[in-house]
Number of protein chains: 2
Amino acid sequence: MRASDRAYEALREDIVEWRLLPGQVLGEVEQSERFGISRTPIREALSRLTADGLAEAHRGRGVVVSQVSLEDVRALFELREALDCRAARLAARRRDPVAFQGLAAELEAVVAQLHGPGTDRAGYYDLVERMDRAIDEATANPYLTSAQRSLRLHLARVRKLSRTNPDRLARAAAEHAQIARAIAEGSEELAEAATRVHLANSLQAVLTTPVREWVQPAPPLEAAG
Amino acid sequence: MRASDRAYEALREDIVEWRLLPGQVLGEVEQSERFGISRTPIREALSRLTADGLAEAHRGRGVVVSQVSLEDVRALFELREALDCRAARLAARRRDPVAFQGLAAELEAVVAQLHGPGTDRAGYYDLVERMDRAIDEATANPYLTSAQRSLRLHLARVRKLSRTNPDRLARAAAEHAQIARAIAEGSEELAEAATRVHLANSLQAVLTTPVREWVQPAPPLEAAG
DNA sequence: GACAAGAGTTCTGTATACATTGATGCGGGA
DNA sequence: TCCCGCATCAATGTATACAGAACTCTTGTC
């Protein structure tokens, strides 16, 4: 694996996991010393982060981690509605029924399990990721999948801001199961409707959950680390 | 302006304008000699092209211009329907009425002019570009705009494949005028419907217009020029 | 004659040195 | 006391050298 790939993925994770806060300056020399590699692969990593929208190149001041505001959350969910609804329709049209029946069954099991004592967040999130991949595969549209990939990066960052309520987790799983069933049945209308319901509830949950701070304070100029 | 920016834009134009054909290998040394700059800014330019999807990094064989197939056209228009319809709705909701009334009037003038003797393609394309920007501004959604920017790059490349029929040009202008009027009136439903009509007709036009070749032949290994 | 193994060559990936540009802080003047 | 301008400096932008890997051509063997 290339050094630039390692640096890119590490920095991306740091930003998504809020270990690197918005406004943080990502100096080339600083990061190259941190990873023990030269500036060249760091430059490529920062370039990719900028293309992803996770960072912005400020002329003369280098690359800084991008801000996330409440307005961004609205904008992200607007784009998500456009992409997810279309993806759900296309997936329902071209899906492998068995695959989505399986996902629906697994999701139902998670719903039942989340109503019990244990809360297996990791298992649920893994299942959602598999369902996203299954939808991407079913849509058979690399351009749509590419747009989704970029969008999910930002959504993951926003999601990490607030701790999802356990009750909401169970309801989200039930909504995902509904989407999977609709796709398995091949009903485009129902798949889109179920997606709309899920997105509306998800946005509601994000907006009503207490978050740390939407607008991060100006970070210290000296590097954290 | 940075050398890497110049190289990126020049290469991007070359790909969109089909001066660089799919499968063409973009060697770092070759391109650096062509632009008279070193490999470093060329690497950054190629990296951006790869992020755009206009080129692909082949392990060991460098960066090559990406292919465009009939399947890609279908996929692009599927994504376009998702993005453009949502953008039209949002623009109708948040638009500046005067701006879109002005665009509608200009488009009507172009329609009348295209029905006459002269065919001012450049003027029409410039007007469409201004309308795209106006919609981007009205949606007030940087993530949606970013997705549109990427998509339009690929669409421009596809569009250059076939010469648009003059009759189709006039009808397309009329459809654009319809969209602008709907947005100016603030009717989300009508804006979306008009967009759907335009996209269906555009796709139809692309698919029925004789094109050079959808699948380009394997390019010569030696660089062209 | 065909296939496989090896050496040569050419490419990418990385490191580092140099140039250039923008930021910062100090001093002078209004 | 505030503002403008210049010098200093630090960080980015670029060039180039080196290392490693992949492809290709050649050669030998079956």
Side-chain angles (χ1 to χ4, degrees), chain A residues 1-12 14-15 20-67 218-225, chain B residues 1-12 14-15 20-67 218-225:
Chain A
M1 198 182 198
R2 296 182 301 179
S4 60
D5 291 335
R6 282 198 302 273
Y8 165 71
E9 292 190 2
L11 285 168
R12 191 187 59 188
D14 283 346
I15 294 175
L20 284 174
L21 300 182
Q24 175 76 267
V25 177
L26 303 175
E28 294 180 3
V29 177
E30 167 200 344
Q31 295 300 322
S32 65
E33 288 171 353
R34 176 183 159 200
F35 287 102
I37 59 180
S38 75
R39 281 176 52 210
T40 307
I42 290 291
R43 279 182 70 83
E44 183 170 333
L46 294 178
S47 184
R48 291 172 68 182
L49 289 173
T50 302
D52 288 338
L54 293 178
E56 293 167 3
H58 277 58
R59 170 108 187 169
R61 198 171 286 182
V63 174
V64 299
V65 178
S66 63
Q67 301 282 340
L221 286 178
E222 61 271 13
Chain B
M1 198 179 197
R2 296 182 299 179
S4 60
D5 291 335
R6 282 197 302 271
Y8 165 72
E9 292 190 2
L11 285 168
R12 192 188 59 188
D14 283 345
I15 295 175
L20 285 173
L21 301 182
Q24 175 76 269
V25 177
L26 303 176
E28 295 180 3
V29 178
E30 168 200 344
Q31 296 301 322
S32 66
E33 288 171 354
R34 178 184 159 200
F35 288 101
I37 58 180
S38 75
R39 281 177 53 213
T40 307
I42 290 291
R43 280 181 70 82
E44 183 169 331
L46 294 178
S47 186
R48 290 171 69 180
L49 289 173
T50 303
D52 287 337
L54 292 178
E56 292 168 3
H58 276 57
R59 165 109 188 171
R61 199 170 286 183
V63 174
V64 300
V65 178
S66 63
Q67 302 282 339
L221 286 179
E222 62 270 13

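The structure presented is a predicted model; accordingly, all values stated were derived computationally and were not measured. What you see below is based on every heavy atom in this structure, not just the backbone, and it leaves out hydrogens, waters and symmetry mates. Lettering of chains follows the sequences in order, A, B, ..., and the numbering in each one begins at 1.
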Exercise. Summarise how protein sits on nucleotides 13-18 of chain D as a single string, 5' to 3': B when a protein heavy atom is under 4.0 Å from the base, S for sugar-phosphate-only contact, - for no contact.
Key: BBBBB-

Quiz item: Which one of A:Leu21, A:Leu11, A:Leu26 satisfies the side chain to side chain contact (heavy atoms under 4.5 Å, CB included) criterion with A:Val65?
Solution: A:Leu26

Quiz item: Of B:Leu46, B:Asp52, B:Ile42, which is the lone residue that meets side chain to side chain contact (heavy atoms under 4.5 Å, CB included) with B:Tyr8?
Solution: B:Asp52

Quiz item: Under the side chain to side chain contact (heavy atoms under 4.5 Å, CB included) test, which residues partner B:Arg43, sequence neighbours left out?
Solution: A:Glu44, B:Glu28, B:Arg39

Self-check item: Any residue meeting side chain to side chain contact (heavy atoms under 4.5 Å, CB included) with B:Arg6, in chain and number order, not counting sequence neighbours
Solution: B:Met1, B:Ala3

Self-check item: Minimum heavy-atom distance between B:Ser32 and B:Val29, given as atom pair plus value
Solution: OG-O, 2.7 Å

Quiz prompt | Heavy-atom closest pair, residues A:Ala57 and A:Thr50 | solution = N-CG2, 4.1 Å

Self-check item: Angle by which the axis turns from one end of the helix from C:dG1-D:dC30 to C:dA30-D:dT1 to the other, five pairs per end, to 10 degrees
Solution: 20°

Exercise. Using atom types as modelled and distance alone, determine if a side-chain donor or acceptor of A:Ser66 lies under 3.5 Å from a backbone N or O of A:Gly53.
Key: yes

Quiz item: 5'-most contact on DNA chain D: A:Val29 or B:Arg61, nearest heavy atom basis?
Solution: A:Val29

Quiz prompt | Residue pair B:His58 / B:Glu56, side-chain heavy-atom distance below 4.5 Å | solution = yes

Quiz item: salt bridge (Lys or Arg N to Asp or Glu O under 4.0 Å) with A:Asp14: which residues, sequence neighbours excluded?
Solution: A:Arg19, A:Arg34

Practice problem: Quickly work out the A:Ile42 CD1 to C:dG13 P distance and round it to whole Å. | Solution: 16 Å

Quiz item: Is it true that A:Arg12 and A:Asp5 make a salt bridge, defined as a side-chain N closer than 4.0 Å to a carboxylate O?
Solution: no

Quiz item: Where along residues 52-59 of chain B does a heavy atom come under 4.0 Å from DNA chain C, residue by residue in number order?
Solution: none

